[in-house]
Amino acid sequence: MSFFSTRGNACASASQAILAGMAGDGGLYVPSLFPPMGADEIERMLTMSYEERAISVLSAFLDDYSADDISESVHAAYGNNHFNDPSIAPLKSLDGFTHVLELFHGPTLAFKDMALQLLPQLLTRAARMNGEEREIAILVATSGDTGKAALEGFRNVPGTSCTVFYPLDGVSEIQQLQMTTTDGSNTHVIAVRGNFDDAQTGVKSLFGSAEFNQDMHDRGRVLSSANSINFGRLLPQIVYYFSAYADLLAKGTIKKGESINFVVPTGNFGNILAGYYARNMGLPINKLICASNRNDVLTDFFKTGIYDLRRMFYKTMSPSMDILVSSNLERLLYESADRDGSLVSVWMNQLKTSGSYSVGEQRREWMASVFAAGCADDKETAGEIREVFTRYEYLMDPHTAVASKVLRDYRARTADDKVTVIVSTASPYKFAPDVAGAIQGEKAVRNLDAFSCSEILSSISGIPVPEQVNRLKELPVRHTLACEKDTKSMANAVKQVLK
Ligand SMILES: *Cc1c(COP(=O)(O)O)cnc(C)c1O
């Protein structure tokens, strides 16, 4: 299968697209077609393990990988007890038509593990297949969770290094400790004095800089990305949409062919885009509901067809969604433009030069036939955490609670009573102070650190504190480097750590 750039001027094989991370013309790689998975193929998944489901989805796209490469990669990622739940992505039911897909059972307690446990496998094989002998230098911008998941995925993987930029003061205490305590011979963590958008813009311009690429080449390195701009990040995420559907079928909650909704807490639009790709392959999805926090640029976009960056950036209790420039939306724009890369280029240039673009009413309507959208602020999010815990004794992290609240509002304003899956993206223990505060009241957690708040959560829910959190109390901080948010400072920081 070929992969095309969303800006229209690049073409690659699957392994080349994964190796490069981003297309040379500044665009993102998209598959030339969406391989169909019909109702019978989905039915066959009912009795498959998560790994077998992953192999069947991956094989449909990765036609230049051997069957052995794919199955070894999948087993290395999802086998070996890296996930603390045997079903990898378990589905929990709140009531007959509301289900939670838990994607946080991996080593770093966020859904990023679903892709980042697999990506190093796909990437190192892609390097071998394409005769790439330089070290693959992964550069990552993180809003909190990608960083640790990438560090964990690439730690000590031969032939790679992983350098993460995170916004100083923009991530939770646990998220920061998870990153700065990472060991391994090839991991680097750098704080940026700016927000996530600054970090992401900086990393993207490093990828685009001929001079920086040459400098890395002279050091025996080639750059690649572990952000969701890399198709290798999206592909593993398609799997769990099929898997959740198959689980609902197996339980008898839905009938063969019945369509369902997914509500997805969204930042960079990678998770929900994977759902859209699953839908294009034939998964019966009625609506994909895009849930945002107070940074509601996507809610406005789906309402008006205008993407407008010229607005305040807010820090919220769902920091992994504190994003204004949603990279993967570009891939949806490309479909909305009937795959006309030159039109996408025009919009992206307008965004760069004037801070906004408009896709027009017709394309807005086309998107609205598949996507619904809504947002929730911190007060509503905390209220939702409390409400869900009171009603179902189910603990949600703030990101998942944003989705749950947006679903509640969606149901109130539409007549849509279809079975809906809330995609749960993080363990509540990653954000223990906010979750405990939402349930017990802020006074009860004032002056308590994240570890004490984790104990509170454990005592009210009966779910033990994950050892990944407890361990952080003892681990030494290994990474303390910080840099300014301009590209030059970021480039110098990379040169410093990748001598
Ligand atoms: C990354 C992340 C998101 C946003 O996912 P996107 O693919 O960037 O839209 C939501 N919740 C959590 C917990 C995350 O880590």
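The figures here come from the full heavy-atom set of this structure, side chains too, leaving out hydrogens, waters and symmetry mates.
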Colleague: Considering only residues two or more places apart or on different chains, which pairs with a residue in residues 456-474 satisfy salt bridge (charged side-chain N to carboxylate O under 4.0 Å, His left out)?
Modeller: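 Checked against salt bridge (charged side-chain N to carboxylate O under 4.0 Å, His left out) - neighbours excluded - the pairs reaching residues 456-474 are Glu467-Arg471.
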
Colleague: For atom CG of Asn81, is the number of surrounding heavy atoms from other residues, nucleotides or ligands below 6.0 Å larger than 12?
Modeller: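 No.
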
Colleague: Using a distance-only test with no angle check, is there a side-chain donor-acceptor pair under 3.5 angstrom linking Ser404 and Glu384?
Modeller: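 A donor-acceptor contact under 3.5 Å links the two side chains.
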
Colleague: Who are the side chain to side chain donor-acceptor pair (under 3.5 Å) partners of Ser489, not counting sequence neighbours?
Modeller: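 Here the qualifying residues are Asp486.
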
Colleague: Could you check whether Asp169 pairs with Lys315 (Lys NZ or Arg NE/NH1/NH2 to Asp/Glu carboxylate O, under 4.0 Å)?
Modeller: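 Between Lys315 and Asp169 there is no salt bridge, as every charged N stays at least 4.0 Å from the carboxylate O atoms.
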
Colleague: Measure from the side-chain N and O atoms of Asp25 to the backbone N and O of Asn9, and report whether any donor-acceptor pair falls under 3.5 Å.
Modeller: yes

Colleague: If I compare all heavy atoms of Ala246 with all of Met45, which pair ends up nearest, and what's the gap?
Modeller: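 Looking at all heavy atoms of both residues, the shortest contact is CB-CB, 4.0 Å.
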
Colleague: Are Thr182 and Thr187 close enough that a side-chain donor and a side-chain acceptor fall under 3.5 Å?
Modeller: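 No pair is found: no donor N or O on one side chain lies under 3.5 Å from an acceptor on the other.
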
Colleague: Does NZ in Lys488 sit with more than 12 non-hydrogen atoms of other residues, nucleotides or ligands closer than 6.0 Å?
Modeller: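 No.
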
Colleague: What is the minimum heavy-atom distance between Ala149 and Lys112, and which atoms define it?
Modeller: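 Smallest interatomic distance, heavy atoms only, reads CB-CB, 3.5 Å.
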
Colleague: Taking atom types as modelled, find out whether Asn271 and Thr266 have a side-chain donor-acceptor pair closer than 3.5 angstrom.
Modeller: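 On atom types as modelled, these side chains do not qualify, holding no pair under 3.5 Å.
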
Colleague: Asp322 side chain to Phe196 main-chain N or O, any donor-acceptor pair under 3.5 Å?
Modeller: no

Colleague: Filter on salt bridge (charged side-chain N to carboxylate O under 4.0 Å, His left out), then keep only pairs touching residues 174-197, sequence neighbours left out; what's left?
Modeller: Arg155-Asp183, Arg193-Glu484

Colleague: What verdict does the salt bridge (charged side-chain N to carboxylate O under 4.0 Å, His left out) test give for Lys148 and Glu152, after you've listed the backbone C-alpha separation in whole Å, the side-chain angles of each residue and the deciding distance to 0.1 Å?
Modeller: CA-CA 6 Å; Lys148 179 58 178 177; Glu152 213 39 48; 3.2 Å; yes

Colleague: Answer yes if the side chains of Ser327 and Asn227 hold a donor-acceptor pair under 3.5 Å, and no otherwise.
Modeller: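 No pair is found: no donor N or O on one side chain lies under 3.5 Å from an acceptor on the other.
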
Colleague: Does CD in Glu52 sit with more than 12 non-hydrogen atoms of other residues, nucleotides or ligands closer than 6.0 Å?
Modeller: yes

Colleague: Look at the aromatic rings of Phe34 and Tyr276 and report parallel, tilted or perpendicular, splitting at 30° and 60°.
Modeller: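 The arrangement is perpendicular - the two ring planes meet at more than 60°.
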
Colleague: Are the aromatic ring centres of Tyr394 and Phe389 under 6.0 angstrom apart?
Modeller: no

Colleague: State, without any angle test, whether Gln214 and Asp218 hold a side-chain donor-acceptor pair at a distance under 3.5 Å.
Modeller: yes

Colleague: Are Phe111 and Phe104 near enough that their ring centres are under 6.0 Å apart?
Modeller: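 Ring centres of Phe104 and Phe111 not closer than 6.0 Å.
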
Colleague: Who are the side-chain contact (heavy atoms from CB on, under 4.5 Å) partners of Glu211, not counting sequence neighbours?
Modeller: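 Expected list: Ser209.
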
Colleague: Determine, stepwise, if the pair Arg219 / Glu135 fulfils salt bridge (charged side-chain N to carboxylate O under 4.0 Å, His left out).
Modeller: CA-CA 9 Å; Arg219 293 162 196 249; Glu135 178 193 284; over 6 Å; no

Colleague: Going by atom types only, do Arg331 and Asn328 share a side-chain donor-acceptor pair under 3.5 Å?
Modeller: yes

Colleague: Establish, from distance only, whether the side-chain atoms of Thr316 and Arg294 form a donor-acceptor pair under 3.5 Å.
Modeller: no

Colleague: Check for a donor-acceptor pair, side chain of Thr353 on one end and backbone N or O of Asn349 on the other, with a separation under 3.5 Å.
Modeller: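 Yes, because the side chain of Thr353 sits within donor-acceptor range (under 3.5 Å) of the backbone of Asn349.
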
Colleague: Can you see which heavy atom on Ser87 is nearest to which on Tyr50, and at what distance?
Modeller: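 What the structure gives for the nearest pair is O-CB, 3.9 Å.
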
Colleague: Verify whether one side chain among Asp64 and Ser13 offers a donor that lies under 3.5 Å from an acceptor in the other.
Modeller: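 Yes, a side-chain donor-acceptor pair sits under 3.5 Å.
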
Colleague: With distance as the sole criterion, is a donor-acceptor pair present between the side chains of Thr400 and Asp397 under 3.5 Å?
Modeller: yes

Colleague: Among residues two or more places apart or on two chains, list those pairs meeting salt bridge (charged side-chain N to carboxylate O under 4.0 Å, His left out) that have a residue in residues 429-440.
Modeller: Asp145-Lys430

Colleague: Any side-chain donor-acceptor pair under 3.5 Å between Gln117 and Tyr78?
Modeller: no

Colleague: What residues, two or more places apart in sequence or in another chain, satisfy salt bridge (charged side-chain N to carboxylate O under 4.0 Å, His left out) together with Glu51?
Modeller: none

Colleague: Can you confirm whether the side chains of Gln200 and Asn268 place a donor and an acceptor under 3.5 Å from each other?
Modeller: yes

Colleague: Quick one: do Asp247 and Lys92 make a salt bridge, cutoff under 4.0 Å?
Modeller: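 Salt bridge between Asp247 and Lys92, a charged N being under 4.0 Å from a carboxylate O: no.
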
Colleague: Would you please test Arg125 and Asp69 for salt bridge (charged side-chain N to carboxylate O under 4.0 Å, His left out) and show each step?
Modeller: CA-CA 7 Å; Arg125 284 175 174 80; Asp69 271 338; 3.1 Å; yes

